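This structure is a prediction, so every number in the text was calculated from the model and none was measured.
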Amino acid sequence: MTIATPSRDGLSRPLAVLVVAGVLGASAVLGRRNAPDPSHPRTRRWYKRLDKPGFTPPDAVFGAVWPVLETGLAVGGYRLMRAPQSQRRDAAVGLWLLNSAMVGGWTELFFRKRALETSAVAAGAMVVTGAAYVATAAKIDRPAAGLGVPFVAWLGFATLLATRISQRNAESTETRR
């Protein structure tokens, strides 16, 4: 069963907006807390010293990509929450919540704990849960699912990048701070 547009049988508009803002806001706060930017000079120095592969995008790319991905997740999550309640809808929303939490959690692993190998494994797990989110959401609301596809694609790239960084910095993984 595919629902063309979200129905008012799901969460109310204000409640859906509040849930999306709260969940993605919490993830963003956690990510911001761990960001390798000038407000976190120690983390920034550590990140700059890592041996990264040549395909590592410039820092500005990360800053440009994540707001777009999170906007897609926000709109997708909102649409799902507005869809009529069902087990499938609840499963899609649960996977949306899981992926939103994992984004913030990944920054904690990589930047704060400097657990490079663990963060690479976590990134791979996010590809799996992200793909499950898209597949489950597609049964409820195709536009919501479509908005998750760039997220999963980026996670695939991020997993490759995190794995290569972990391999290239194996001696510093999970020990040096």
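- No option in Leu147, Leu11, Leu73, Val20 other than Val20 meets the side chain to side chain contact (heavy atoms under 4.5 Å, CB included) test with Tyr78.
- Considering all non-hydrogen atoms of both residues, Leu80 and Ala137 come closest at CD1-CB, 4.0 Å.
- Thr43 and Asn34 get closest at one heavy-atom pair: CG2-O, 3.8 Å.
- Scanning all heavy atoms of the two residues, the minimum distance from Val127 to Val152 falls at O-CG1, 4.2 Å.
- Using cut-offs of 30° and 60° on the angle between ring planes, the pair Trp154 and Phe157 is tilted.
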Working note: Lys48 + Asp59, criterion side chain to side chain contact (heavy atoms under 4.5 Å, CB included); need CA distance, chi angles, decisive distance, verdict.
CA-CA 10 Å; Lys48 292 287 185 192; Asp59 292 347; 2.6 Å; yes

Trace of the side chain to side chain contact (heavy atoms under 4.5 Å, CB included) decision for Ile140 with Ser86:
CA-CA 9 Å; Ile140 305 303; Ser86 69; 4.2 Å; yes

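- Taking the six-membered ring for Trp and the full ring otherwise, Trp46 and Phe110 have centroids separated by under 6.0 Å.
- Criterion: ILVMFWY side-chain heavy atoms under 4.5 Å apart, direct or through other members. Under it, Val121 and Leu155 are not part of a common hydrophobic cluster.
- Taking all atoms of both residues into account, the shortest heavy-atom contact from Arg82 to Ala16 is CD-CB, 4.0 Å.
- Scanning both residues, Leu109 and Ala122, for their nearest heavy atoms gives CD1-CB, 3.7 Å.
- Criterion: ILVMFWY side-chain heavy atoms under 4.5 Å apart, direct or through other members. Under it, Val75 and Val23 are not part of a common hydrophobic cluster.
- At distances below 3.5 Å, at least one donor-acceptor pair connects side-chain atoms of Ser100 with backbone N or O atoms of Trp96.
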Apply side chain to side chain contact (heavy atoms under 4.5 Å, CB included) to the pair Val103 and Asn99, showing each step before the final yes or no.
CA-CA 6 Å; Val103 168; Asn99 280 281; 5.7 Å; no

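- Contact detail for Ser27 and Gly104: the closest heavy-atom pair is OG-N, 3.3 Å.
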What's the verdict on side chain to side chain contact (heavy atoms under 4.5 Å, CB included) for Tyr47 and Lys52, showing C-alpha distance, side-chain angles and the deciding distance?
CA-CA 9 Å; Tyr47 179 70; Lys52 296 182 266 315; 3.7 Å; yes

